[in-house]
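Below is one structure, written out as C-alpha coordinates, with a few remarks after it.
Labels below follow one simple rule: chain letters A, B, ... track the order of the sequence lines, proteins then strands, and each chain is numbered from 1.
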Amino acid sequence: MISIELIRKNPDYVKENLSKRDQILSYKIDDILQLDEERRQKIKNLEELRAVRNAKSKEIGLFKKQGQDTSLLEEEIRNLKDQISELEDVVARIERYMNDLILRIPNLIHESVPFGVNEHDNIEIKRYRDIPKFDFEIKDHSDLCVSRGFIDFDKASEISGGRFSILRGPLAKLERALTNFMLDINMKNGYEEISPPHLVKDIALIGTGQLPKFKEELYFIQEDGLYLIPTAEVPLVNVYRDSILKEDELPIYLTAYTPCYRREAGSHGKDIKGLIRQHQFDKVELVKITHPDSSYDELEKLLNNAEEILQLLELPYRVMVLCSGDIGFSASKTYDIEVWIPSQDKYREISSCSNCEDFQARRANIRFKDETGKNRFVHTLNGSSLAVGRTLVAIVENYQTKDGKIRIPKVLKEYIKEEYI
RNA sequence: GGAGAGAUGGCUGAGUGGUCGAAAGCUGGUGACUCGAAAUCACUUGUGGGUUUAUAGCUCACCGGGGGUUCGAAUCCCCCUCUCUCCGCCA
(Lines give C-alpha, C1' and ligand atoms only; values in the text may rest on other atoms or scores of the structure.)
Protein backbone atom coordinates (compact mmCIF):
# COMPACT_ATOMS: atom_id res chain seq x y z
CA MET A 1 0.00 0.00 0.00
CA ILE A 2 0.96 3.60 -0.35
CA SER A 3 2.45 5.21 2.72
CA ILE A 4 -0.18 7.13 4.68
CA GLU A 5 2.49 9.61 5.76
CA LEU A 6 3.14 10.40 2.12
CA ILE A 7 -0.57 10.88 1.42
CA ARG A 8 -0.76 13.19 4.42
CA LYS A 9 2.35 15.19 3.60
CA ASN A 10 1.97 15.42 -0.14
CA PRO A 11 -1.59 14.63 -1.22
CA ASP A 12 -1.30 16.55 -4.46
CA TYR A 13 1.69 14.55 -5.58
CA VAL A 14 -0.08 11.28 -4.77
CA LYS A 15 -3.26 12.33 -6.56
CA GLU A 16 -1.40 13.54 -9.61
CA ASN A 17 0.57 10.32 -9.78
CA LEU A 18 -2.46 8.07 -9.35
CA SER A 19 -4.48 10.03 -11.89
CA LYS A 20 -2.09 8.73 -14.54
CA ARG A 21 -3.68 5.36 -13.90
CA ASP A 22 -7.23 6.45 -13.25
CA GLN A 23 -8.77 9.84 -12.63
CA ILE A 24 -11.22 8.53 -10.04
CA LEU A 25 -8.49 7.57 -7.59
CA SER A 26 -7.92 11.13 -6.45
CA TYR A 27 -11.37 11.22 -4.82
CA LYS A 28 -10.47 8.17 -2.82
CA ILE A 29 -7.35 9.92 -1.60
CA ASP A 30 -9.54 12.73 -0.33
CA ASP A 31 -11.67 10.18 1.53
CA ILE A 32 -8.59 8.66 3.09
CA LEU A 33 -7.26 12.04 4.13
CA GLN A 34 -10.51 12.91 5.80
CA LEU A 35 -10.65 9.63 7.64
CA ASP A 36 -7.05 10.00 8.71
CA GLU A 37 -7.76 13.42 10.13
CA GLU A 38 -10.72 12.10 12.05
CA ARG A 39 -8.79 9.09 13.24
CA ARG A 40 -5.95 11.14 14.66
CA GLN A 41 -8.32 13.44 16.45
CA LYS A 42 -10.11 10.52 18.08
CA ILE A 43 -6.87 8.83 19.03
CA LYS A 44 -5.74 11.98 20.74
CA ASN A 45 -8.94 12.09 22.82
CA LEU A 46 -8.75 8.42 23.57
CA GLU A 47 -5.16 8.51 24.72
CA GLU A 48 -5.76 11.43 27.01
CA LEU A 49 -8.51 9.49 28.74
CA ARG A 50 -6.40 6.40 28.98
CA ALA A 51 -3.53 8.38 30.47
CA VAL A 52 -5.84 9.65 33.21
CA ARG A 53 -7.15 6.18 33.89
CA ASN A 54 -3.67 4.69 34.05
CA ALA A 55 -2.47 7.34 36.49
CA LYS A 56 -5.43 6.86 38.80
CA SER A 57 -5.18 3.10 38.71
CA LYS A 58 -1.59 3.40 39.73
CA GLU A 59 -2.60 5.59 42.63
CA ILE A 60 -5.12 3.00 43.76
CA GLY A 61 -2.37 0.44 43.87
CA LEU A 62 -0.25 2.67 46.10
CA PHE A 63 -3.13 3.65 48.39
CA LYS A 64 -4.21 0.07 48.84
CA LYS A 65 -0.74 -0.82 50.01
CA GLN A 66 -1.02 1.87 52.65
CA GLY A 67 -4.45 0.57 53.61
CA GLN A 68 -6.29 3.71 52.53
CA ASP A 69 -9.77 3.85 51.11
CA THR A 70 -9.87 4.01 47.30
CA SER A 71 -13.56 3.83 46.55
CA LEU A 72 -13.70 7.45 45.41
CA LEU A 73 -10.93 6.93 42.85
CA GLU A 74 -12.51 3.72 41.66
CA GLU A 75 -15.75 5.53 41.08
CA GLU A 76 -13.95 8.21 39.06
CA ILE A 77 -12.42 5.62 36.79
CA ARG A 78 -15.68 3.81 36.33
CA ASN A 79 -17.04 7.03 34.87
CA LEU A 80 -14.22 7.12 32.34
CA LYS A 81 -14.72 3.56 31.24
CA ASP A 82 -17.71 4.08 29.01
CA GLN A 83 -16.15 7.04 27.29
CA ILE A 84 -13.00 5.06 26.68
CA SER A 85 -14.67 1.98 25.26
CA GLU A 86 -16.93 4.11 23.10
CA LEU A 87 -13.94 5.93 21.64
CA GLU A 88 -12.13 2.65 21.17
CA ASP A 89 -14.99 1.44 19.03
CA VAL A 90 -15.01 4.61 16.98
CA VAL A 91 -11.27 4.46 16.34
CA ALA A 92 -11.43 0.78 15.43
CA ARG A 93 -14.26 1.44 13.01
CA ILE A 94 -12.43 4.31 11.33
CA GLU A 95 -9.26 2.28 11.06
CA ARG A 96 -11.04 -0.69 9.53
CA TYR A 97 -12.72 1.49 6.97
CA MET A 98 -9.57 3.41 6.18
CA ASN A 99 -7.56 0.24 5.87
CA ASP A 100 -10.05 -1.24 3.47
CA LEU A 101 -9.87 1.89 1.32
CA ILE A 102 -6.12 2.14 1.27
CA LEU A 103 -5.66 -1.55 0.46
CA ARG A 104 -7.62 -0.92 -2.74
CA ILE A 105 -5.43 1.96 -3.89
CA PRO A 106 -2.84 0.86 -6.46
CA ASN A 107 0.84 1.63 -6.27
CA LEU A 108 2.40 4.92 -7.30
CA ILE A 109 4.04 4.95 -10.68
CA HIS A 110 7.74 5.46 -11.31
CA GLU A 111 8.69 8.66 -13.11
CA SER A 112 10.14 6.75 -16.07
CA VAL A 113 6.80 5.11 -16.86
CA PRO A 114 5.21 6.58 -20.00
CA PHE A 115 1.71 7.99 -19.79
CA GLY A 116 -0.98 5.99 -21.55
CA VAL A 117 -4.53 4.76 -21.32
CA ASN A 118 -4.32 1.09 -22.25
CA GLU A 119 -2.09 -1.60 -23.71
CA HIS A 120 -1.91 0.20 -27.06
CA ASP A 121 0.15 2.92 -25.40
CA ASN A 122 2.86 0.58 -24.18
CA ILE A 123 6.24 1.35 -25.66
CA GLU A 124 8.51 -1.11 -27.38
CA ILE A 125 12.10 -0.69 -26.26
CA LYS A 126 13.81 -3.71 -27.68
CA ARG A 127 13.47 -6.39 -30.28
CA TYR A 128 15.50 -9.58 -30.39
CA ARG A 129 15.97 -11.91 -33.33
CA ASP A 130 14.13 -11.80 -36.66
CA ILE A 131 10.76 -13.43 -36.89
CA PRO A 132 10.92 -16.76 -38.70
CA LYS A 133 9.86 -17.23 -42.31
CA PHE A 134 8.12 -20.41 -43.31
CA ASP A 135 8.00 -21.81 -46.84
CA PHE A 136 4.92 -23.85 -46.03
CA GLU A 137 1.49 -23.33 -44.55
CA ILE A 138 1.99 -23.15 -40.79
CA LYS A 139 -0.35 -24.59 -38.19
CA ASP A 140 -1.20 -23.07 -34.86
CA HIS A 141 0.09 -24.95 -31.84
CA SER A 142 -3.36 -26.24 -30.98
CA ASP A 143 -4.09 -27.87 -34.34
CA LEU A 144 -0.58 -29.19 -34.59
CA CYS A 145 -0.49 -30.71 -31.12
CA VAL A 146 -4.00 -32.13 -31.25
CA SER A 147 -3.33 -33.77 -34.61
CA ARG A 148 -0.16 -35.32 -33.24
CA GLY A 149 -1.97 -36.56 -30.14
CA PHE A 150 0.14 -34.31 -27.88
CA ILE A 151 -2.78 -32.38 -26.42
CA ASP A 152 -6.27 -33.60 -25.58
CA PHE A 153 -8.52 -30.62 -25.01
CA ASP A 154 -11.74 -32.65 -25.37
CA LYS A 155 -10.97 -35.03 -22.57
CA ALA A 156 -9.71 -32.20 -20.42
CA SER A 157 -12.95 -30.30 -20.74
CA GLU A 158 -14.85 -33.50 -19.97
CA ILE A 159 -12.85 -33.90 -16.77
CA SER A 160 -12.40 -30.29 -15.72
CA GLY A 161 -14.22 -27.95 -18.09
CA GLY A 162 -13.04 -25.25 -20.44
CA ARG A 163 -9.55 -23.76 -20.36
CA PHE A 164 -7.97 -26.97 -19.16
CA SER A 165 -5.68 -29.24 -21.11
CA ILE A 166 -4.07 -32.63 -21.04
CA LEU A 167 -0.53 -32.78 -22.39
CA ARG A 168 0.65 -36.18 -23.49
CA GLY A 169 3.91 -37.99 -24.06
CA PRO A 170 6.63 -35.93 -25.74
CA LEU A 171 4.87 -32.62 -25.14
CA ALA A 172 4.44 -33.33 -21.43
CA LYS A 173 8.11 -34.17 -21.34
CA LEU A 174 8.99 -30.98 -23.19
CA GLU A 175 7.06 -29.01 -20.61
CA ARG A 176 9.00 -30.67 -17.81
CA ALA A 177 12.26 -30.09 -19.67
CA LEU A 178 11.48 -26.38 -19.99
CA THR A 179 10.77 -26.09 -16.30
CA ASN A 180 14.01 -27.78 -15.38
CA PHE A 181 15.93 -25.73 -17.90
CA MET A 182 14.59 -22.44 -16.51
CA LEU A 183 15.26 -23.43 -12.91
CA ASP A 184 18.80 -24.48 -13.77
CA ILE A 185 19.53 -21.17 -15.50
CA ASN A 186 18.03 -19.26 -12.60
CA MET A 187 20.17 -21.08 -10.09
CA LYS A 188 23.20 -20.32 -12.23
CA ASN A 189 22.15 -16.66 -11.97
CA GLY A 190 22.15 -16.80 -8.18
CA TYR A 191 18.53 -17.53 -7.35
CA GLU A 192 17.65 -19.94 -4.55
CA GLU A 193 15.15 -22.57 -5.62
CA ILE A 194 12.04 -22.71 -3.45
CA SER A 195 9.23 -25.23 -3.40
CA PRO A 196 6.38 -23.28 -1.83
CA PRO A 197 2.79 -24.07 -0.80
CA HIS A 198 0.20 -23.74 -3.55
CA LEU A 199 -2.61 -22.96 -1.15
CA VAL A 200 -2.36 -19.80 0.90
CA LYS A 201 -4.33 -17.75 3.40
CA ASP A 202 -5.84 -14.37 2.59
CA ILE A 203 -3.09 -12.50 4.45
CA ALA A 204 -0.54 -13.76 1.93
CA LEU A 205 -2.64 -12.46 -0.96
CA ILE A 206 -3.24 -9.16 0.78
CA GLY A 207 0.53 -8.95 1.18
CA THR A 208 1.21 -9.18 -2.54
CA GLY A 209 -1.85 -7.15 -3.60
CA GLN A 210 -4.25 -9.69 -5.15
CA LEU A 211 -6.64 -9.13 -2.25
CA PRO A 212 -8.92 -7.48 -1.40
CA LYS A 213 -9.47 -6.07 -4.88
CA PHE A 214 -9.15 -9.06 -7.20
CA LYS A 215 -10.93 -11.81 -5.33
CA GLU A 216 -12.93 -12.86 -8.37
CA GLU A 217 -9.73 -13.94 -10.12
CA LEU A 218 -8.89 -16.47 -7.43
CA TYR A 219 -9.95 -20.02 -6.72
CA PHE A 220 -11.05 -20.29 -3.12
CA ILE A 221 -11.51 -23.37 -0.95
CA GLN A 222 -14.42 -22.47 1.26
CA GLU A 223 -14.03 -25.18 3.94
CA ASP A 224 -10.46 -24.29 4.73
CA GLY A 225 -10.40 -20.61 3.92
CA LEU A 226 -7.51 -21.14 1.52
CA TYR A 227 -6.82 -19.79 -1.95
CA LEU A 228 -4.98 -21.47 -4.82
CA ILE A 229 -2.04 -19.31 -5.78
CA PRO A 230 -2.41 -17.34 -9.02
CA THR A 231 1.38 -17.06 -9.20
CA ALA A 232 4.38 -18.23 -7.16
CA GLU A 233 5.05 -14.56 -6.46
CA VAL A 234 2.53 -14.86 -3.63
CA PRO A 235 4.24 -17.50 -1.49
CA LEU A 236 7.72 -16.31 -2.49
CA VAL A 237 7.27 -12.72 -1.35
CA ASN A 238 5.53 -13.96 1.78
CA VAL A 239 8.50 -16.11 2.72
CA TYR A 240 9.83 -12.95 4.34
CA ARG A 241 6.58 -11.49 5.69
CA ASP A 242 6.76 -9.88 9.14
CA SER A 243 10.51 -9.95 9.23
CA ILE A 244 13.30 -7.50 9.83
CA LEU A 245 16.25 -8.43 7.65
CA LYS A 246 19.85 -7.46 8.13
CA GLU A 247 21.04 -5.05 5.50
CA ASP A 248 23.80 -7.41 4.36
CA GLU A 249 21.23 -10.14 3.67
CA LEU A 250 19.97 -8.08 0.74
CA PRO A 251 19.39 -8.62 -2.07
CA ILE A 252 17.61 -11.96 -1.82
CA TYR A 253 16.95 -13.86 -5.05
CA LEU A 254 14.30 -16.60 -5.11
CA THR A 255 12.94 -18.78 -7.87
CA ALA A 256 10.16 -21.34 -7.87
CA TYR A 257 8.29 -23.50 -10.26
CA THR A 258 4.58 -23.80 -9.49
CA PRO A 259 1.31 -24.24 -11.26
CA CYS A 260 -0.75 -21.04 -11.27
CA TYR A 261 -4.51 -21.03 -10.92
CA ARG A 262 -6.62 -18.22 -12.30
CA ARG A 263 -10.36 -18.04 -12.82
CA GLU A 264 -9.91 -15.73 -15.80
CA ALA A 265 -13.07 -13.92 -14.84
CA GLY A 266 -13.73 -11.26 -17.39
CA SER A 267 -11.79 -13.00 -20.12
CA HIS A 268 -14.77 -14.61 -21.77
CA GLY A 269 -14.17 -15.05 -25.44
CA LYS A 270 -10.46 -14.21 -25.21
CA ASP A 271 -7.96 -16.79 -26.41
CA ILE A 272 -10.50 -19.57 -26.40
CA LYS A 273 -8.37 -21.87 -28.46
CA GLY A 274 -5.18 -23.51 -27.36
CA LEU A 275 -2.85 -23.17 -24.41
CA ILE A 276 -2.52 -19.38 -24.33
CA ARG A 277 -5.04 -18.74 -21.59
CA GLN A 278 -5.76 -21.59 -19.20
CA HIS A 279 -7.19 -21.81 -15.70
CA GLN A 280 -4.08 -23.72 -14.70
CA PHE A 281 -0.63 -23.14 -16.13
CA ASP A 282 2.93 -23.72 -15.04
CA LYS A 283 5.27 -20.86 -14.45
CA VAL A 284 8.79 -20.44 -13.19
CA GLU A 285 8.89 -17.27 -11.18
CA LEU A 286 11.65 -14.92 -10.05
CA VAL A 287 11.37 -12.82 -6.92
CA LYS A 288 13.84 -10.36 -5.46
CA ILE A 289 13.88 -8.68 -2.07
CA THR A 290 16.18 -5.69 -2.37
CA HIS A 291 17.50 -2.52 -0.80
CA PRO A 292 15.43 0.50 -1.95
CA ASP A 293 18.50 2.17 -3.45
CA SER A 294 19.24 -0.66 -5.86
CA SER A 295 15.80 -1.90 -6.85
CA TYR A 296 15.78 -0.32 -10.30
CA ASP A 297 19.20 -1.77 -11.13
CA GLU A 298 17.85 -5.08 -9.92
CA LEU A 299 14.82 -4.72 -12.17
CA GLU A 300 17.07 -4.40 -15.21
CA LYS A 301 18.99 -7.48 -14.14
CA LEU A 302 15.77 -9.37 -13.51
CA LEU A 303 14.59 -8.51 -17.00
CA ASN A 304 17.92 -9.72 -18.41
CA ASN A 305 17.55 -12.98 -16.52
CA ALA A 306 14.14 -13.57 -18.09
CA GLU A 307 15.35 -12.53 -21.54
CA GLU A 308 18.25 -14.92 -21.28
CA ILE A 309 15.84 -17.85 -21.30
CA LEU A 310 14.31 -16.73 -24.59
CA GLN A 311 17.71 -16.00 -26.08
CA LEU A 312 18.96 -19.45 -25.20
CA LEU A 313 15.80 -20.95 -26.66
CA GLU A 314 16.43 -18.82 -29.76
CA LEU A 315 12.93 -17.41 -29.79
CA PRO A 316 12.14 -13.96 -31.23
CA TYR A 317 10.78 -11.51 -28.73
CA ARG A 318 10.37 -7.85 -27.92
CA VAL A 319 10.39 -5.93 -24.65
CA MET A 320 7.68 -3.42 -23.78
CA VAL A 321 7.52 -0.80 -21.05
CA LEU A 322 3.99 -0.77 -19.77
CA CYS A 323 2.31 2.60 -19.80
CA SER A 324 0.61 4.12 -16.78
CA GLY A 325 -2.83 2.86 -17.80
CA ASP A 326 -1.80 -0.75 -18.29
CA ILE A 327 0.54 -1.30 -15.37
CA GLY A 328 -0.50 -3.78 -12.69
CA PHE A 329 -1.99 -2.87 -9.33
CA SER A 330 1.11 -3.53 -7.20
CA ALA A 331 3.78 -2.40 -9.63
CA SER A 332 5.59 0.91 -9.96
CA LYS A 333 7.19 -0.10 -13.21
CA THR A 334 6.76 -3.13 -15.43
CA TYR A 335 8.48 -4.58 -18.46
CA ASP A 336 6.59 -7.15 -20.45
CA ILE A 337 8.43 -9.60 -22.63
CA GLU A 338 6.43 -10.69 -25.64
CA VAL A 339 7.32 -13.72 -27.69
CA TRP A 340 6.58 -14.15 -31.36
CA ILE A 341 3.56 -16.35 -32.08
CA PRO A 342 3.59 -17.14 -35.83
CA SER A 343 -0.01 -18.36 -36.11
CA GLN A 344 -1.31 -15.10 -34.63
CA ASP A 345 1.21 -13.03 -36.52
CA LYS A 346 1.99 -11.06 -33.40
CA TYR A 347 3.93 -10.91 -30.18
CA ARG A 348 2.23 -12.22 -27.04
CA GLU A 349 3.10 -11.67 -23.39
CA ILE A 350 5.26 -14.40 -21.97
CA SER A 351 6.83 -12.63 -19.00
CA SER A 352 6.13 -9.62 -16.88
CA CYS A 353 8.89 -8.11 -14.74
CA SER A 354 7.95 -5.55 -12.12
CA ASN A 355 9.39 -3.43 -9.39
CA CYS A 356 6.77 -3.03 -6.66
CA GLU A 357 9.06 -0.78 -4.62
CA ASP A 358 7.78 -0.81 -1.01
CA PHE A 359 4.12 -1.41 -1.89
CA GLN A 360 4.12 -5.12 -1.08
CA ALA A 361 6.71 -4.69 1.65
CA ARG A 362 4.31 -2.45 3.55
CA ARG A 363 1.46 -4.88 3.16
CA ALA A 364 3.53 -7.92 4.08
CA ASN A 365 5.60 -5.96 6.60
CA ILE A 366 9.03 -6.83 5.24
CA ARG A 367 11.73 -4.55 6.54
CA PHE A 368 15.47 -4.31 6.99
CA LYS A 369 17.63 -2.50 9.51
CA ASP A 370 19.73 0.15 7.80
CA GLU A 371 23.18 1.29 8.89
CA THR A 372 21.71 3.86 11.29
CA GLY A 373 19.63 1.15 12.97
CA LYS A 374 16.38 2.36 11.50
CA ASN A 375 13.85 -0.13 10.18
CA ARG A 376 12.94 0.53 6.58
CA PHE A 377 10.77 -1.27 4.06
CA VAL A 378 12.53 -3.34 1.43
CA HIS A 379 11.65 -3.24 -2.22
CA THR A 380 10.16 -6.33 -3.85
CA LEU A 381 10.46 -7.34 -7.48
CA ASN A 382 8.96 -10.19 -9.41
CA GLY A 383 9.08 -11.55 -12.89
CA SER A 384 8.17 -14.63 -14.81
CA SER A 385 11.29 -16.51 -15.61
CA LEU A 386 8.80 -17.49 -18.25
CA ALA A 387 5.27 -18.76 -18.35
CA VAL A 388 5.94 -22.38 -19.25
CA GLY A 389 2.70 -23.00 -21.16
CA ARG A 390 3.21 -20.03 -23.44
CA THR A 391 6.85 -20.95 -23.93
CA LEU A 392 5.63 -24.33 -25.05
CA VAL A 393 3.30 -22.62 -27.53
CA ALA A 394 6.15 -20.48 -28.83
CA ILE A 395 8.46 -23.45 -29.30
CA VAL A 396 5.83 -25.57 -31.01
CA GLU A 397 4.92 -22.81 -33.43
CA ASN A 398 8.33 -21.32 -34.13
CA TYR A 399 10.08 -24.69 -34.40
CA GLN A 400 7.45 -26.53 -36.44
CA THR A 401 8.46 -28.29 -39.63
CA LYS A 402 6.68 -28.87 -42.88
CA ASP A 403 5.75 -32.41 -41.88
CA GLY A 404 4.15 -31.30 -38.62
CA LYS A 405 7.05 -32.10 -36.31
CA ILE A 406 8.63 -29.90 -33.70
CA ARG A 407 12.36 -29.37 -33.60
CA ILE A 408 13.82 -29.38 -30.09
CA PRO A 409 15.84 -26.23 -29.26
CA LYS A 410 19.58 -26.86 -28.89
CA VAL A 411 19.71 -25.90 -25.22
CA LEU A 412 17.13 -28.52 -24.34
CA LYS A 413 19.20 -31.34 -25.82
CA GLU A 414 20.50 -32.33 -22.42
CA TYR A 415 16.91 -32.69 -21.21
CA ILE A 416 15.43 -34.29 -24.33
CA LYS A 417 17.61 -36.53 -26.45
CA GLU A 418 15.52 -36.40 -29.62
CA GLU A 419 16.14 -33.99 -32.47
CA TYR A 420 12.43 -33.71 -33.23
CA ILE A 421 9.21 -34.76 -31.55
C1' G B 1 -9.97 -37.24 14.06
C1' G B 2 -8.76 -38.53 19.77
C1' A B 3 -5.54 -37.37 24.31
C1' G B 4 -2.06 -34.11 26.40
C1' A B 5 1.62 -29.91 26.52
C1' G B 6 2.75 -25.21 24.93
C1' A B 7 2.88 -19.98 22.31
C1' U B 8 6.67 -13.99 26.31
C1' G B 9 11.51 -9.01 23.12
C1' G B 10 16.70 -10.81 17.44
C1' C B 11 17.42 -15.82 20.27
C1' U B 12 17.13 -18.88 25.04
C1' G B 13 14.06 -18.29 29.05
C1' A B 14 11.78 -16.16 34.11
C1' G B 15 7.42 -13.99 35.43
C1' U B 16 -0.10 -16.40 38.20
C1' G B 17 -3.53 -9.43 39.60
C1' G B 18 -0.48 -3.25 40.77
C1' U B 19 6.32 0.61 40.41
C1' C B 20 6.33 -5.36 34.31
C1' G B 21 7.65 -3.08 28.35
C1' A B 22 8.62 -7.12 31.18
C1' A B 23 14.29 -10.78 35.33
C1' A B 24 18.56 -13.36 33.67
C1' G B 25 21.72 -15.10 29.84
C1' C B 26 23.08 -14.80 24.68
C1' U B 27 23.37 -11.77 20.33
C1' G B 28 23.99 -6.69 18.58
C1' G B 29 25.80 -1.43 19.69
C1' U B 30 28.98 2.30 22.34
C1' G B 31 33.04 3.16 25.51
C1' A B 32 37.39 1.67 28.68
C1' C B 33 41.74 -1.44 28.69
C1' U B 34 45.28 -2.72 24.15
C1' C B 35 50.13 -0.98 19.22
C1' G B 36 45.82 -3.78 17.42
C1' A B 37 42.80 -7.91 18.58
C1' A B 38 40.88 -11.62 21.90
C1' A B 39 39.45 -11.86 26.84
C1' U B 40 37.56 -8.69 30.65
C1' C B 41 34.82 -4.49 32.61
C1' A B 42 31.04 -0.41 32.19
C1' C B 43 26.92 1.39 29.75
C1' U B 44 23.38 0.19 26.17
C1' U B 45 20.10 -2.72 22.83
C1' G B 46 11.99 -4.31 21.01
C1' U B 47 7.81 -2.71 17.65
C1' G B 48 3.95 0.40 16.14
C1' G B 49 0.84 4.79 16.90
C1' G B 50 -0.36 10.03 18.77
C1' U B 51 1.89 14.88 19.74
C1' U B 52 6.21 17.60 17.94
C1' U B 53 10.78 21.34 13.63
C1' A B 54 12.89 16.97 16.26
C1' U B 55 16.13 10.02 15.44
C1' A B 56 14.55 15.20 22.05
C1' G B 57 10.62 14.95 25.47
C1' C B 58 5.68 13.52 26.78
C1' U B 59 2.04 9.88 25.89
C1' C B 60 -0.87 5.36 24.15
C1' A B 61 -0.88 0.35 22.55
C1' C B 62 1.58 -4.31 21.98
C1' C B 63 3.80 -10.73 26.11
C1' G B 64 0.12 -16.00 19.35
C1' G B 65 -5.13 -13.65 17.62
C1' G B 66 -10.09 -12.08 19.33
C1' G B 67 -13.52 -11.22 23.34
C1' G B 68 -14.57 -10.92 28.79
C1' U B 69 -13.79 -10.05 34.34
C1' U B 70 -11.32 -5.91 37.19
C1' C B 71 -10.07 0.66 39.41
C1' G B 72 -5.86 -2.21 37.27
C1' A B 73 -4.34 -8.30 33.18
C1' A B 74 1.69 -11.20 30.32
C1' U B 75 -0.73 -13.07 34.82
C1' C B 76 -7.89 -14.91 35.87
C1' C B 77 -12.20 -16.67 32.34
C1' C B 78 -14.15 -17.88 27.19
C1' C B 79 -13.38 -18.63 21.84
C1' C B 80 -9.94 -19.19 17.76
C1' U B 81 -5.23 -20.14 15.33
C1' C B 82 -0.61 -22.32 15.31
C1' U B 83 3.44 -25.57 17.28
C1' C B 84 5.08 -30.03 19.82
C1' U B 85 4.31 -35.29 21.88
C1' C B 86 1.43 -39.86 21.76
C1' C B 87 -2.62 -42.66 19.28
C1' G B 88 -5.62 -43.27 14.78
C1' C B 89 -5.81 -42.39 9.46
C1' C B 90 -2.92 -41.53 5.13
C1' A B 91 0.62 -39.91 -0.13
Problem set entry | Straight-line distance of A:L322 CG to A:T334 OG1, nearest 0.5 Å |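 If we round to the nearest 0.5 Å, A:L322:CG and A:T334:OG1 are 5.0 Å apart.
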Atom [atom1] of [X] to atom [atom2] of [N]: distance rounded to whole Å?
X: A:D242; N: B:G9; atom1: CG; atom2: C1'; value: 15 Å
X: A:L49; N: B:U59; atom1: CG; atom2: P; value: 16 Å
X: A:N45; N: B:U59; atom1: CG; atom2: P; value: 18 Å
X: A:L46; N: B:G48; atom1: CG; atom2: P; value: 20 Å
X: A:N365; N: B:G49; atom1: CG; atom2: C1'; value: 14 Å
X: A:R376; N: B:G48; atom1: CZ; atom2: P; value: 14 Å
X: A:R363; N: B:G48; atom1: CZ; atom2: C1'; value: 19 Å
X: A:K58; N: B:A73; atom1: NZ; atom2: P; value: 13 Å

Distance, [atom1] atom - from [M] to [N], rounded to whole angstrom:
N: B:A74; M: B:A23; atom1: P; result: 14 Å
N: B:A38; M: B:G29; atom1: P; result: 11 Å
N: B:G17; M: B:U12; atom1: P; result: 26 Å
N: B:C79; M: B:C89; atom1: P; result: 30 Å
N: B:C62; M: B:A5; atom1: C1'; result: 26 Å
N: B:U8; M: B:U83; atom1: P; result: 14 Å
N: B:G10; M: B:G46; atom1: C1'; result: 9 Å
N: B:A32; M: B:U85; atom1: P; result: 50 Å

Report yes if a side-chain nitrogen or oxygen of [X] is closer than 4.0 Å to either non-bridging phosphate oxygen (OP1 or OP2) of [N]; otherwise report no.
X: A:R8; N: B:G50; value: yes
X: A:N375; N: B:U47; value: yes
X: A:N54; N: B:C60; value: yes
X: A:K246; N: B:G29; value: no
X: A:R53; N: B:G72; value: no

Pairing nucleotide - [N], Watson-Crick or G-U, each distance under 3.5 Å:
N: B:C71; answer: B:G18
N: B:A7; answer: B:U81
N: B:C86; answer: B:G2
N: B:A54; answer: none
N: B:C33; answer: none
N: B:A61; answer: B:U47

For this session: Could you check A:D358 against A:R362 for salt bridge (charged side-chain N to carboxylate O under 4.0 Å, His left out), going step by step and ending with a plain yes or no?
Result: CA-CA 6 Å; A:D358 63 4; A:R362 281 178 195 284; 3.1 Å; yes
For this session: Measure distances between side-chain N and O atoms of A:E47 and base N and O atoms of B:G49, and say whether any donor-acceptor pair falls under 3.5 Å.
Result: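 When only heavy-atom distances are counted, A:E47 does reach the base of B:G49 through a donor-acceptor pair under 3.5 Å.
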Selection from [options] that lies nearest to any side-chain heavy atom of [X]:
X: A:K44; options: B:U47, B:C71, B:G50; answer: B:G50
X: A:A51; options: B:G48, B:C60, B:A61; answer: B:C60
X: A:R50; options: B:C71, B:U47, B:A61; answer: B:A61
X: A:L62; options: B:G18, B:U19, B:G49; answer: B:U19
X: A:R39; options: B:G49, B:G18, B:A61; answer: B:G49
X: A:S57; options: B:G50, B:G18, B:U47; answer: B:G18
X: A:K201; options: B:U19, B:U81, B:U47; answer: B:U81

Assess whether atom [atom1] of [X] is packed by more than 12 heavy atoms of other residues, nucleotides or ligands within 6.0 Å.
X: A:L72; atom1: CG; answer: no
X: A:R148; atom1: CZ; answer: yes
X: A:E76; atom1: CD; answer: yes

For this session: Let me know, please, whether A:I244 or A:K9 comes out on the 5' side of the other along RNA chain B by nearest nucleotide.
Result: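 It is A:I244, whose closest nucleotide lies nearer the 5' terminus.
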Exercise. When the nearest nucleotide of RNA chain B is assigned to A:E95 and to A:E48 on a heavy-atom basis, which residue is associated with the more 5' position?
Worked result: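 Counting from the 5' end, the first nearest nucleotide belongs to A:E95.
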Base, sugar-phosphate or nothing for [X]? Non-hydrogen atoms, less than 4.0 Å.
X: A:L73; result: nothing
X: A:K374; result: nothing
X: A:K369; result: sugar-phosphate

Exercise. Where does the angle between the aromatic ring planes of A:Y227 and A:F220 fall among parallel (under 30°), tilted (30 to 60°) and perpendicular (over 60°)?
Worked result: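 Geometry flag for A:F220 against A:Y227: tilted rings.
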For this session: For the pair A:Y253 and A:Y191, name the ring-plane relationship: parallel under 30°, tilted 30 to 60°, perpendicular over 60°.
Result: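 Ring orientation, 0 to 90° scale: tilted.
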For this session: Return each pair, listed once, that meets ring-ring contact (aromatic ring centres under 6.0 Å, His included) where at least one residue sits in residues 351-379 of chain A; pairs must be two or more places apart or across chains.
Result: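 Residue pairs with at least one partner in residues 351-379 of chain A: A:H291-A:F368, A:F329-A:F359.
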Exercise. By a strict heavy-atom criterion of less than 4.0 Å, which residues belonging to residues 75-92 of chain A are in contact with RNA chain B?
Worked result: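 Close to the strand are A:I77, A:R78, A:K81.
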For this session: Please step through side-chain contact (heavy atoms from CB on, under 4.5 Å) for the pair A:K333 and A:V321, ending with a clear verdict.
Result: CA-CA 8 Å; A:K333 181 171 188 176; A:V321 190; 4.2 Å; yes
For this session: Starting from the C-alpha separation in whole Å, work towards a yes-or-no answer on side-chain contact (heavy atoms from CB on, under 4.5 Å) for A:Y335 and A:E300.
Result: CA-CA 9 Å; A:Y335 293 112; A:E300 298 301 318; 2.6 Å; yes
Exercise. Does the side chain to side chain donor-acceptor pair (under 3.5 Å) test come out yes or no for A:N355 and A:S295, once each step is laid out?
Worked result: CA-CA 7 Å; A:N355 184 356; A:S295 65; 2.9 Å; yes
